[in-house]
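Read through the structure below, which is laid out as C-alpha coordinates, and then see the notes.
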Amino acid sequence: MKIVVLAGGLSTERNVSLSTGSMVSEALRRKGHQVLLLDVFMGYGAAGDDLTDIFAATASSSIQISGVPETAPDLAQIKAMREDQSDCFFGPNVIALCQMADIVFLALHGENGEDGRIQAAFDLFGIRYTGSNYLSSAIAMNKKLSKRFFADNGIPVPNGISMKKTERIQDFSQTGLSLPCIVKPCRGGSSIGISIVHTADEYTAALNEAFRWEDEVILEDYIKGREFSVAVIDQKALPVIEIAPLEGFYDYKNKYKAGSTIETCPAQLPPETAAQLQQYAVAVIKALELNTYARVDFMLSEQGQIFCLEANTLPGMTPTSLLPQEAKAIGISFEDLCERLITISLKGGTK
(Lines give C-alpha, C1' and ligand atoms only; values in the text may rest on other atoms or scores of the structure.)
Protein backbone atom coordinates (compact mmCIF):
# COMPACT_ATOMS: atom_id res chain seq x y z
CA MET A 1 0.00 0.00 0.00
CA LYS A 2 0.90 3.64 -0.36
CA ILE A 3 0.89 5.09 3.14
CA VAL A 4 1.50 8.58 4.47
CA VAL A 5 2.62 8.61 8.10
CA LEU A 6 1.59 12.05 9.31
CA ALA A 7 3.52 13.49 12.26
CA GLY A 8 4.85 16.73 13.72
CA GLY A 9 2.45 19.65 13.69
CA LEU A 10 2.20 22.44 16.22
CA SER A 11 1.18 20.78 19.46
CA THR A 12 3.26 20.67 22.63
CA GLU A 13 3.69 16.96 21.84
CA ARG A 14 5.33 17.64 18.49
CA ASN A 15 8.61 15.94 19.38
CA VAL A 16 6.84 12.82 20.65
CA SER A 17 4.84 12.72 17.42
CA LEU A 18 7.99 12.88 15.32
CA SER A 19 9.43 9.92 17.20
CA THR A 20 6.17 7.97 16.79
CA GLY A 21 6.12 8.77 13.08
CA SER A 22 9.69 7.60 12.57
CA MET A 23 9.09 4.29 14.36
CA VAL A 24 5.83 3.60 12.52
CA SER A 25 7.18 4.49 9.07
CA GLU A 26 10.21 2.22 9.51
CA ALA A 27 7.98 -0.64 10.69
CA LEU A 28 5.60 -0.28 7.74
CA ARG A 29 8.50 -0.20 5.27
CA ARG A 30 9.75 -3.45 6.76
CA LYS A 31 6.32 -4.88 5.98
CA GLY A 32 6.81 -3.95 2.33
CA HIS A 33 4.68 -0.82 2.08
CA GLN A 34 5.58 2.40 0.25
CA VAL A 35 5.72 4.97 3.02
CA LEU A 36 6.11 8.74 3.12
CA LEU A 37 6.88 10.20 6.55
CA LEU A 38 5.41 13.69 6.42
CA ASP A 39 5.41 16.66 8.80
CA VAL A 40 1.85 18.01 8.63
CA PHE A 41 3.00 21.59 9.26
CA MET A 42 6.24 21.73 7.29
CA GLY A 43 4.87 19.78 4.34
CA TYR A 44 6.93 18.42 1.47
CA GLY A 45 8.66 20.51 -1.18
CA ALA A 46 6.79 23.50 -2.56
CA ALA A 47 3.40 24.10 -4.11
CA GLY A 48 3.37 22.97 -7.73
CA ASP A 49 6.12 20.34 -7.35
CA ASP A 50 5.81 17.13 -9.36
CA LEU A 51 4.72 14.45 -6.85
CA THR A 52 4.17 11.64 -9.35
CA ASP A 53 6.81 9.18 -8.13
CA ILE A 54 7.08 10.28 -4.51
CA PHE A 55 5.93 6.93 -3.05
CA ALA A 56 8.46 5.01 -5.14
CA ALA A 57 11.25 6.43 -2.97
CA THR A 58 11.10 3.84 -0.19
CA ALA A 59 12.79 6.06 2.38
CA SER A 60 10.88 9.26 1.61
CA SER A 61 10.67 11.64 4.53
CA SER A 62 10.19 15.33 5.21
CA ILE A 63 11.35 14.88 8.81
CA GLN A 64 14.70 14.73 10.57
CA ILE A 65 14.50 12.67 13.78
CA SER A 66 16.83 13.09 16.76
CA GLY A 67 14.90 11.46 19.60
CA VAL A 68 12.54 13.05 22.11
CA PRO A 69 14.08 15.98 24.07
CA GLU A 70 13.31 16.28 27.76
CA THR A 71 11.44 19.58 27.30
CA ALA A 72 8.47 20.60 25.16
CA PRO A 73 9.25 22.30 21.82
CA ASP A 74 9.37 26.05 21.19
CA LEU A 75 6.40 26.36 18.83
CA ALA A 76 7.20 29.95 17.85
CA GLN A 77 10.60 28.75 16.68
CA ILE A 78 8.97 25.91 14.75
CA LYS A 79 6.61 28.32 12.99
CA ALA A 80 9.54 30.54 12.01
CA MET A 81 11.24 27.58 10.31
CA ARG A 82 8.52 27.13 7.70
CA GLU A 83 9.71 28.49 4.37
CA ASP A 84 6.42 29.82 2.99
CA GLN A 85 5.41 31.38 6.37
CA SER A 86 1.79 30.58 5.58
CA ASP A 87 -0.88 30.68 8.27
CA CYS A 88 -2.34 27.44 6.92
CA PHE A 89 -1.85 24.53 9.32
CA PHE A 90 -1.31 22.11 6.45
CA GLY A 91 2.14 22.54 4.92
CA PRO A 92 2.88 22.50 1.19
CA ASN A 93 1.49 19.45 -0.65
CA VAL A 94 0.20 17.75 2.52
CA ILE A 95 -3.40 17.40 1.36
CA ALA A 96 -2.38 16.34 -2.15
CA LEU A 97 -0.01 13.66 -0.82
CA CYS A 98 -2.56 12.35 1.67
CA GLN A 99 -5.12 12.08 -1.14
CA MET A 100 -2.63 10.05 -3.17
CA ALA A 101 -2.18 7.53 -0.33
CA ASP A 102 -4.33 4.48 0.33
CA ILE A 103 -4.47 5.55 3.97
CA VAL A 104 -2.86 8.07 6.32
CA PHE A 105 -1.40 6.69 9.55
CA LEU A 106 -2.00 9.45 12.10
CA ALA A 107 1.14 9.62 14.22
CA LEU A 108 0.04 12.98 15.61
CA HIS A 109 -0.40 13.71 19.32
CA GLY A 110 -2.10 16.51 21.21
CA GLU A 111 -3.74 19.59 19.74
CA ASN A 112 -4.55 19.47 16.02
CA GLY A 113 -3.91 15.74 16.02
CA GLU A 114 -6.05 14.11 18.67
CA ASP A 115 -8.69 16.85 19.02
CA GLY A 116 -10.70 15.87 15.94
CA ARG A 117 -9.92 18.80 13.67
CA ILE A 118 -7.64 16.95 11.27
CA GLN A 119 -10.06 14.02 11.23
CA ALA A 120 -12.90 16.38 10.28
CA ALA A 121 -10.80 17.99 7.54
CA PHE A 122 -9.81 14.60 6.15
CA ASP A 123 -13.46 13.51 6.10
CA LEU A 124 -14.23 16.51 3.90
CA PHE A 125 -11.31 15.74 1.59
CA GLY A 126 -12.20 12.04 1.38
CA ILE A 127 -8.91 10.97 2.97
CA ARG A 128 -8.86 7.68 4.90
CA TYR A 129 -6.98 7.68 8.21
CA THR A 130 -6.23 5.52 11.24
CA GLY A 131 -8.05 5.90 14.51
CA SER A 132 -11.37 7.31 15.66
CA ASN A 133 -13.62 9.88 14.00
CA TYR A 134 -13.58 13.62 14.64
CA LEU A 135 -16.38 13.79 17.23
CA SER A 136 -15.16 10.99 19.47
CA SER A 137 -11.60 12.33 19.23
CA ALA A 138 -12.71 15.83 20.25
CA ILE A 139 -14.63 14.56 23.29
CA ALA A 140 -11.79 12.31 24.45
CA MET A 141 -9.28 15.15 24.14
CA ASN A 142 -11.31 17.38 26.46
CA LYS A 143 -10.81 16.03 29.98
CA LYS A 144 -13.79 17.96 31.35
CA LEU A 145 -16.19 16.49 28.80
CA SER A 146 -14.76 12.98 28.83
CA LYS A 147 -15.01 12.77 32.62
CA ARG A 148 -18.73 13.53 32.32
CA PHE A 149 -19.11 10.66 29.84
CA PHE A 150 -17.18 8.35 32.17
CA ALA A 151 -19.27 9.24 35.22
CA ASP A 152 -22.54 8.89 33.28
CA ASN A 153 -21.51 5.36 32.29
CA GLY A 154 -20.52 4.17 35.75
CA ILE A 155 -16.78 4.59 35.26
CA PRO A 156 -15.19 6.01 38.45
CA VAL A 157 -13.24 9.28 38.14
CA PRO A 158 -11.39 11.48 40.65
CA ASN A 159 -13.41 14.25 42.26
CA GLY A 160 -12.59 17.60 40.67
CA ILE A 161 -13.58 20.83 38.96
CA SER A 162 -12.68 22.75 35.80
CA MET A 163 -11.62 26.38 35.75
CA LYS A 164 -11.32 28.92 32.95
CA LYS A 165 -8.59 31.54 32.92
CA THR A 166 -11.16 34.35 33.01
CA GLU A 167 -12.77 32.77 36.11
CA ARG A 168 -9.59 31.97 38.00
CA ILE A 169 -10.04 31.09 41.68
CA GLN A 170 -7.08 32.62 43.47
CA ASP A 171 -7.85 31.23 46.93
CA PHE A 172 -7.53 27.44 47.02
CA SER A 173 -9.94 27.21 49.94
CA GLN A 174 -12.68 28.38 47.55
CA THR A 175 -12.22 25.46 45.15
CA GLY A 176 -14.01 22.94 47.35
CA LEU A 177 -11.07 20.54 47.03
CA SER A 178 -8.50 19.31 49.53
CA LEU A 179 -4.72 19.23 49.34
CA PRO A 180 -2.85 17.56 47.82
CA CYS A 181 -4.48 17.93 44.41
CA ILE A 182 -3.63 17.78 40.72
CA VAL A 183 -3.69 20.80 38.41
CA LYS A 184 -3.49 20.15 34.67
CA PRO A 185 -4.50 21.63 31.31
CA CYS A 186 -7.94 20.51 30.14
CA ARG A 187 -6.87 19.29 26.69
CA GLY A 188 -3.15 18.70 27.01
CA GLY A 189 -1.19 15.49 26.84
CA SER A 190 2.16 13.94 27.77
CA SER A 191 1.73 15.46 31.27
CA ILE A 192 2.82 18.88 29.98
CA GLY A 193 1.73 21.62 32.37
CA ILE A 194 0.66 19.19 35.12
CA SER A 195 1.53 19.75 38.79
CA ILE A 196 0.97 18.01 42.11
CA VAL A 197 -0.01 20.70 44.61
CA HIS A 198 0.69 20.37 48.34
CA THR A 199 0.47 23.99 49.56
CA ALA A 200 -1.35 27.22 48.74
CA ASP A 201 1.85 28.69 47.29
CA GLU A 202 2.28 25.65 45.05
CA TYR A 203 -1.34 26.07 43.95
CA THR A 204 -0.67 29.56 42.59
CA ALA A 205 2.42 28.39 40.73
CA ALA A 206 0.57 25.34 39.37
CA LEU A 207 -2.26 27.50 37.99
CA ASN A 208 0.27 29.79 36.32
CA GLU A 209 1.98 26.80 34.71
CA ALA A 210 -1.23 25.14 33.51
CA PHE A 211 -2.69 28.40 32.15
CA ARG A 212 0.57 28.96 30.28
CA TRP A 213 -0.52 26.13 27.97
CA GLU A 214 -4.29 26.51 27.84
CA ASP A 215 -7.17 28.77 28.90
CA GLU A 216 -8.97 26.03 30.83
CA VAL A 217 -7.59 23.71 33.50
CA ILE A 218 -8.70 20.75 35.58
CA LEU A 219 -8.29 20.48 39.35
CA GLU A 220 -8.87 17.08 40.90
CA ASP A 221 -8.08 15.04 43.97
CA TYR A 222 -4.60 13.56 44.09
CA ILE A 223 -4.89 9.78 44.10
CA LYS A 224 -1.98 8.21 45.94
CA GLY A 225 -1.32 4.73 44.67
CA ARG A 226 -0.26 2.84 41.54
CA GLU A 227 -0.70 3.93 37.92
CA PHE A 228 -1.83 1.63 35.14
CA SER A 229 -2.77 1.80 31.49
CA VAL A 230 -4.87 -0.48 29.29
CA ALA A 231 -4.85 -0.35 25.50
CA VAL A 232 -7.94 -1.41 23.59
CA ILE A 233 -7.75 -2.54 19.96
CA ASP A 234 -10.98 -3.16 18.08
CA GLN A 235 -12.95 -3.31 21.36
CA LYS A 236 -10.60 -5.90 22.92
CA ALA A 237 -8.50 -4.98 25.95
CA LEU A 238 -4.79 -5.80 25.97
CA PRO A 239 -2.90 -6.82 29.13
CA VAL A 240 -2.66 -4.19 31.86
CA ILE A 241 0.67 -2.36 32.13
CA GLU A 242 1.92 -0.71 35.34
CA ILE A 243 3.90 2.55 35.19
CA ALA A 244 6.26 3.25 38.10
CA PRO A 245 8.62 6.25 37.71
CA LEU A 246 11.89 5.93 39.61
CA GLU A 247 11.55 9.57 40.73
CA GLY A 248 8.54 11.87 40.99
CA PHE A 249 5.43 11.15 38.92
CA TYR A 250 4.84 10.10 35.31
CA ASP A 251 5.69 13.51 33.82
CA TYR A 252 7.01 14.43 30.36
CA LYS A 253 10.60 13.54 31.21
CA ASN A 254 9.73 10.19 32.79
CA LYS A 255 7.50 9.27 29.86
CA TYR A 256 10.13 9.70 27.17
CA LYS A 257 13.54 9.32 28.79
CA ALA A 258 14.59 5.68 28.54
CA GLY A 259 15.26 4.05 31.90
CA SER A 260 13.44 6.64 34.00
CA THR A 261 10.32 4.52 34.53
CA ILE A 262 9.75 0.86 35.34
CA GLU A 263 6.98 -0.54 33.16
CA THR A 264 5.63 -3.99 33.96
CA CYS A 265 3.39 -5.88 31.56
CA PRO A 266 1.38 -7.82 32.43
CA ALA A 267 1.05 -5.84 35.65
CA GLN A 268 1.42 -7.74 38.91
CA LEU A 269 -2.18 -7.56 40.11
CA PRO A 270 -4.83 -9.90 41.46
CA PRO A 271 -6.67 -11.38 38.44
CA GLU A 272 -9.96 -9.75 39.45
CA THR A 273 -8.36 -6.28 39.64
CA ALA A 274 -6.70 -6.67 36.24
CA ALA A 275 -10.01 -7.86 34.77
CA GLN A 276 -11.82 -4.87 36.27
CA LEU A 277 -9.31 -2.44 34.75
CA GLN A 278 -9.76 -4.08 31.36
CA GLN A 279 -13.55 -3.94 31.69
CA TYR A 280 -13.44 -0.25 32.55
CA ALA A 281 -11.10 0.40 29.60
CA VAL A 282 -13.56 -1.20 27.16
CA ALA A 283 -16.40 0.72 28.85
CA VAL A 284 -14.50 3.98 28.23
CA ILE A 285 -14.11 3.15 24.54
CA LYS A 286 -17.84 2.42 24.27
CA ALA A 287 -18.85 5.52 26.26
CA LEU A 288 -16.85 7.81 23.94
CA GLU A 289 -17.75 5.72 20.86
CA LEU A 290 -14.10 5.34 19.96
CA ASN A 291 -13.08 2.79 17.38
CA THR A 292 -9.93 1.12 16.04
CA TYR A 293 -7.69 1.71 19.07
CA ALA A 294 -7.05 3.83 22.14
CA ARG A 295 -5.29 3.67 25.50
CA VAL A 296 -6.96 4.37 28.85
CA ASP A 297 -5.06 5.50 31.96
CA PHE A 298 -6.02 4.62 35.53
CA MET A 299 -4.97 5.09 39.14
CA LEU A 300 -5.41 2.38 41.78
CA SER A 301 -5.55 4.01 45.21
CA GLU A 302 -3.88 2.59 48.32
CA GLN A 303 -7.41 1.62 49.44
CA GLY A 304 -7.91 -0.45 46.27
CA GLN A 305 -10.23 1.97 44.44
CA ILE A 306 -9.90 2.37 40.66
CA PHE A 307 -10.10 5.83 39.08
CA CYS A 308 -10.09 6.53 35.34
CA LEU A 309 -7.93 9.49 34.34
CA GLU A 310 -8.28 9.83 30.57
CA ALA A 311 -8.42 8.17 27.17
CA ASN A 312 -5.70 8.64 24.56
CA THR A 313 -7.07 8.26 21.02
CA LEU A 314 -3.68 8.27 19.28
CA PRO A 315 -1.34 6.72 21.86
CA GLY A 316 2.39 7.05 21.40
CA MET A 317 4.42 4.57 19.40
CA THR A 318 7.89 5.62 20.58
CA PRO A 319 10.60 3.26 21.89
CA THR A 320 9.25 3.72 25.44
CA SER A 321 5.52 3.81 24.60
CA LEU A 322 3.01 1.64 26.43
CA LEU A 323 0.79 0.31 23.61
CA PRO A 324 3.63 -1.53 21.81
CA GLN A 325 4.68 -3.10 25.12
CA GLU A 326 1.14 -4.34 25.79
CA ALA A 327 0.89 -5.77 22.28
CA LYS A 328 4.25 -7.49 22.63
CA ALA A 329 3.05 -9.18 25.82
CA ILE A 330 0.52 -11.16 23.76
CA GLY A 331 2.91 -11.88 20.91
CA ILE A 332 2.12 -9.00 18.53
CA SER A 333 5.30 -7.51 17.04
CA PHE A 334 5.62 -3.77 16.48
CA GLU A 335 5.43 -4.25 12.72
CA ASP A 336 2.31 -6.40 12.96
CA LEU A 337 0.74 -3.92 15.38
CA CYS A 338 1.18 -1.01 12.96
CA GLU A 339 -0.24 -3.04 10.08
CA ARG A 340 -3.14 -4.30 12.20
CA LEU A 341 -4.17 -0.74 13.08
CA ILE A 342 -4.29 0.08 9.38
CA THR A 343 -6.31 -3.02 8.53
CA ILE A 344 -8.88 -2.27 11.25
CA SER A 345 -9.10 1.39 10.18
CA LEU A 346 -9.70 0.46 6.54
CA LYS A 347 -12.57 -1.76 7.68
CA GLY A 348 -14.01 1.13 9.65
CA GLY A 349 -13.21 -0.29 13.08
CA THR A 350 -15.82 -1.68 15.45
CA LYS A 351 -18.49 0.91 16.13
Side-chain angles (χ1 to χ4, degrees), residues 12-13 16 71-72 109-111 114 139-151 155-165 167-230 241-256 260-261 277 280-281 284 295-312 315-316 322:
T12 53
E13 296 176 79
V16 185
T71 57
H109 304 311
E111 187 179 7
E114 290 185 83
I139 295 171
M141 186 72 181
N142 187 305
K143 295 179 179 64
K144 178 177 71 175
L145 290 179
S146 60
K147 283 182 68 174
R148 291 179 186 173
F149 277 75
F150 300 161
I155 302 161
V157 296
N159 175 54
I161 62 171
S162 62
M163 184 191 305
K164 293 186 177 180
K165 198 171 188 177
E167 301 169 352
R168 177 170 173 151
I169 301 175
Q170 295 288 95
D171 184 353
F172 181 79
S173 65
Q174 301 302 309
T175 64
L177 299 176
S178 301
L179 294 173
C181 77
I182 297 288
V183 177
K184 59 187 177 183
C186 183
R187 293 179 293 121
S190 288
S191 298
I192 293 174
I194 188 172
S195 303
I196 300 176
V197 175
H198 298 89
T199 67
D201 288 342
E202 288 181 0
Y203 168 69
T204 300
L207 278 188
N208 292 339
E209 173 63 14
F211 281 131
R212 185 163 75 91
W213 301 102
E214 290 181 27
D215 291 335
E216 187 170 18
V217 302
I218 299 291
L219 282 70
E220 59 188 20
D221 290 343
Y222 171 69
I223 309 299
K224 187 176 182 181
R226 299 162 68 187
E227 186 167 356
F228 301 91
S229 190
V230 182
I241 187 169
E242 180 171 7
I243 307 118
L246 296 177
E247 295 181 2
F249 67 102
Y250 198 44
D251 58 7
Y252 188 90
K253 178 180 177 180
N254 284 330
K255 284 184 177 182
Y256 303 114
S260 61
T261 300
L277 285 165
Y280 278 139
V284 164
R295 200 195 74 234
V296 187
D297 297 336
F298 297 94
M299 288 298 299
L300 179 66
S301 74
E302 292 181 328
Q303 292 74 38
Q305 294 176 283
I306 295 173
F307 295 92
C308 181
L309 303 180
E310 63 178 306
N312 303 271
L322 305 178

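Of the possible polar contacts, one joining the Glu202 side chain to the His198 backbone as a donor-acceptor pair under 3.5 Å is found. Judged by distance alone, the side chain of Ser195 and the main-chain N or O of Val197 form no donor-acceptor pair under 3.5 Å. Of the possible donor and acceptor atoms, one in the side chain of Asn312 sits under 3.5 Å from a partner among the backbone N and O of Arg295. In this structure, the side chain of Glu209 does not engage the main chain of Ala205 through any donor-acceptor pair within 3.5 Å. Side-chain N or O atoms of Asn142 include one that pairs as donor or acceptor with a backbone N or O of Leu145 at under 3.5 Å.
Here the CE-SG distance, from Met141 to Cys186, works out to 9.5 Å after rounding to the nearest 0.5 Å. Phe228 contributes atom CZ, which lies 11.5 Å from atom CG of Leu309 (distance to the nearest 0.5 angstrom). Atom-to-atom distance recorded for Asp297:CG and Leu277:CG is 11.0 Å, nearest 0.5 angstrom. The distance from the NZ atom of Lys143 to the CD atom of Glu310 is 4.5 Å, given to the nearest 0.5 Å. Summarising the geometry, atom OG belonging to Ser146 is positioned 8.0 Å from atom CD1 belonging to Ile218; distances are rounded to the nearest 0.5 Å. With rounding to the nearest 0.5 angstrom, the CZ atom of Phe307 is 8.0 Å from the CG atom of Asp221.
Counted by atom type alone, Asp171 and Ser173 present one or more donor-acceptor pairs between their side chains at under 3.5 Å.
In this structure the side chain of Glu242 never reaches within 4.5 angstrom of the side chain of Glu227, judged on heavy atoms. Looking only at side-chain heavy atoms (C-beta outward), Cys308 and Val284 come within less than 4.5 Å of each other. When side chains are defined from C-beta on, Ile194 does not count as touching Val183, because their heavy atoms never get closer than 4.5 Å.
Not counting sequence neighbours, Arg148 has no partner by the salt bridge (charged side-chain N to carboxylate O under 4.0 Å, His left out) test. With sequence neighbours excluded, the residues satisfying side chain to side chain contact (heavy atoms under 4.5 Å, CB included) with Ala281 are Val230, Val232, Val296, Phe298. Among residues two or more places apart in sequence or in another chain, the salt bridge (charged side-chain N to carboxylate O under 4.0 Å, His left out) test is passed with Glu220 by Lys147, Lys184. By the side chain to side chain contact (heavy atoms under 4.5 Å, CB included) test, Arg168 is found to be paired with Met163, Gln170, Thr204, Leu207, Asn208, Phe211, residues two or more places apart in sequence or in another chain being considered. Residues forming a salt bridge (charged side-chain N to carboxylate O under 4.0 Å, His left out) with Lys144 (at least two apart in sequence, or on another chain): Glu216. Under the ring pair (Phe, Tyr, Trp, His ring centres under 6.0 Å) criterion, Phe172 pairs with Tyr203, not counting sequence neighbours.
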Could you go through Lys164 and Glu167, starting from their C-alpha distance and side-chain angles, then the distance that decides it, and tell me whether this counts as salt bridge (Lys or Arg N to Asp or Glu O under 4.0 Å)? CA-CA 5 Å; Lys164 293 186 177 180; Glu167 301 169 352; 5.8 Å; no

Pair Glu214-Arg187, side-chain contact (heavy atoms from CB on, under 4.5 Å): steps then yes or no: CA-CA 8 Å; Glu214 290 181 27; Arg187 293 179 293 121; 3.6 Å; yes

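When all heavy atoms of Leu177 and Gly160 are compared, the closest pair comes out as CD2-CA, 4.1 Å. The nearest pair of heavy atoms linking Gly193 to Pro185 is O-CD, 3.5 Å. Scanning all heavy atoms of the two residues, the minimum distance from Ile306 to Pro156 falls at O-CG, 3.1 Å.
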